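As structure tokens, the structure follows; a few thoughts come after it.
The structure presented is a predicted model; accordingly, all values stated were derived computationally and were not measured. In each ligand, atom 1 is the first atom listed, and ligand 1 is the first ligand listed.
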Amino acid sequence: MERDKKAEFRTALRNCKSLPTLPGIVEKLTNMADDPETTTERMGKVISKDHILAAKLLKLVNSAFYGFPQRISSLSSAIILLGFNVVKSLIISASIFEVMEDQDVELWEHSLGCAVACSVIAKRLGVDDPEEISTAGLIHDIGKVAIKMELPKEYAQINALVAEKGISMRQAELEILGIDHAEAGGWLTKSWNLPKKLVEPITCHHDPRTAKDEQLSSAIIHFSDILIRGMGYCHAADTKVPKLSKRAWKLLDLSPTDLDEIIEEVEEKLWDVKGFSLEVNAGIENAMEAGEA
Ligand SMILES: [Fe+2]
Ligand SMILES: [Fe+2]
């Protein structure tokens with residue numbers, strides 16, 4: 001791989017123009033959260049400026065996907081009830097929805113499944129902020145979307161190589177681009193100024209040994225990705241199940257009973273969220289009405 005070529009891919013992916021403009025609002029809200037003068041109402045107002053996003057956020061909050069016990073009908077009550085960090089994670093998830101779903105439904109289902117598995121495992125392990133890990137699970141393969149949109153010629157070569165050699169997409173990416181989608185996703189989310197808690201597990205999801213500060217969440221996402229593939233939620237272009245990292249498995253410290261219960265819970269939750277993305281789109285208008293109430 002010539003150095004120039006790799007640098008060229010890196011620049012194209014870092015400056016990915018085809019993905020949504022979530023950083024603006026997330027960054028603004030992050031700054032607001034650091035300001036002691038900020039009120040819930042002001043924060044709600046900033047989110048409501050983007051009507052579609054606000055509607056999706058409310059729909060997401062009230063969906064089986066998160067399963068919050070109470071019905072939440074306005075943005076300010078979402079912020080009060082769930083707290084700023086949860087709402088921020090939800091905004092990232094809601095913003096990413098459309099693009100991923102439009103681009104590749106199978107990859108979207110795999111990502112949604114991974115997010116569900118992440119949330120079930122994070123809750124079982126008693127990790128703080130399970131929603132944040134679930135968000136990282138939802139966007140863990142965002143690098144694949146960026147490669148597809150920004151480097152369509154190379155993406156076609158990657159797919160051809162997967163079909164020809166029967167290798168994983170990641171291996172083919174490394175051969176063609178010299179980098180994989182995990183690294184690309186890491187650059188992208190970093191350029192969006194997303195917190196390290198999200199960026200590191202995305203970057204390390206295929207090699208959790210390389211995680212420094214976010215070892216447990218990287219292990220959760222790594223394992224959830226493999227588990228959900230095992231449960232049939234594969235990306236058709238990438239059917240090779242990656243090897244489970246021994247170190248990640250040890251860190252999770254799950255017993256066979258834990259594993260059985262996790263699979264059962266994920267299956268149940270997935271059943272609830274099936275058709276969820278369709279529901280989100282169809283329900284925008286209702287959610288907007290609820291948001292205005
Ligand atoms: Fe991946
Ligand atoms: Fe994945």
Could you tell me whether Lys165 and Glu175 have a side-chain N and a carboxylate O separated by less than 4.0 Å?
yes
Less than 4.0 angstrom from a charged side-chain N to a carboxylate O is my criterion; do Lys197 and Glu214 meet it?
no
Geometry at the Fe ion (ligand 1) - His205 NE2 versus His206 NE2 angle, rounded to 10 degrees
80°
I'd like to know: is the Fe ion (ligand 2) within the 2.8 Å range of an N/O/S atom from His110, strictly under that distance?
yes
Could you tell me the angle subtended at the Fe ion (ligand 1) by NE2 of His181 and OD1 of Asp141, rounded to 10°?
90°
Tell me, please, if His140 has any N/O/S atom, main chain or side chain, under 2.8 Å from the Fe ion (ligand 2)?
yes
Main-chain N/O of Asp258 paired to Glu261 side chain as donor or acceptor, under 3.5 Å
no
Is atom CD of Glu264 surrounded by more than 12 heavy atoms (other residues, nucleotides or ligands) closer than 6.0 Å?
no
With ring centroids as reference points, do His205 and His181 lie under 6.0 angstrom apart?
yes
So which N/O/S atom does Asp225 have closest to the Fe ion (ligand 2)?
OD1
